[in-house]
Amino acid sequence: MTRPEPARSREQRKQDVLDRLEKDKDAWVSTASADGVPTLVPLSFVWDGGTLLTATRRTNPTAVNVTPDGRARIALGHTRDVVLIEATAEVVEGSDLPKASGDAFAAKFDWDLRGRAAWVYLRFSPYAVRAWRESNEQPGRDLMADGHWLV
């Protein structure tokens with residue numbers, strides 16, 4: 001059995017999380033219906049001023065599950081390099097999306113959904129972030145709580 005790499009400092013983990021949010025293209029997004037049916041889907045995202053911006057068809061379960069007090073979990077990485085985000089979610093119509101946000105999404109994916117009635121944007125505002133690689137990083141894995149970075 002190989003030994004894990006030394007644990008990263010919380011400061012380094014936060015920086016690694018921010019780097020992933022800037023560079024990664026896709027995340028696993030989990031929501032649940034009003035009666036508790038879970039949905040887990042991969043969605044492309046852009047890190048947009050402290051929120052994750054995704055897009056999906058308005059009739060897809062992920063968009064339907066987003067209620068005014070909607071919550072979601074978002075995961076980046078694989079099982080040996082986890083970023084787990086708990087967030088509130090809101091549906092944003094393309095016509096209501098700030099121009100800079102729509103431009104950032106379109107530039108990252110060469111795909112502009114503004115003006116397409118079948119699609120909506122989903123904005124996820126993180127309130128908790130955890131990051132760890134191996135068991136030696138389990139202590140101190142909480143990097144954000146109540147919407148505020150702890151480091």
Are the charged groups of [X] and [Y] less than 4.0 angstrom apart, N to O?
X	Y	answer
R8	E137	yes
D19	K14	no
R80	E134	yes

The remaining residues in the hydrophobic cluster of W132, counting side-chain heavy-atom contacts under 4.5 Å among Ile, Leu, Val, Met, Phe, Trp and Tyr, are V82, L84
Which residue is it: V92, L113, V120? I am looking for the one with a side chain to side chain contact (heavy atoms under 4.5 Å, CB included) to L97.
V92
Treating Ile, Leu, Val, Met, Phe, Trp and Tyr as nodes and any side-chain heavy-atom pair under 4.5 angstrom as an edge, say whether [X] and [Y] lie in one connected cluster.
X	Y	result
L21	F109	no
L76	L43	yes
V29	I85	yes

Is E11 atom CD crowded by more than 12 heavy atoms from other residues, nucleotides or ligands, each under 6.0 Å away?
yes
Show your reasoning for whether side-chain hydrogen bond (donor to acceptor under 3.5 Å, both in side chains) applies to S33 and N65.
CA-CA 5 Å; S33 67; N65 291 347; 4.9 Å; no
Test R123 against every option in T88, T54, T51 by the side-chain hydrogen bond (donor to acceptor under 3.5 Å, both in side chains) rule and name the one that passes.
T51
Could you please spell out the steps behind the salt bridge (Lys or Arg N to Asp or Glu O under 4.0 Å) verdict for R114 and D103?
CA-CA 10 Å; R114 292 172 285 189; D103 290 349; 2.9 Å; yes
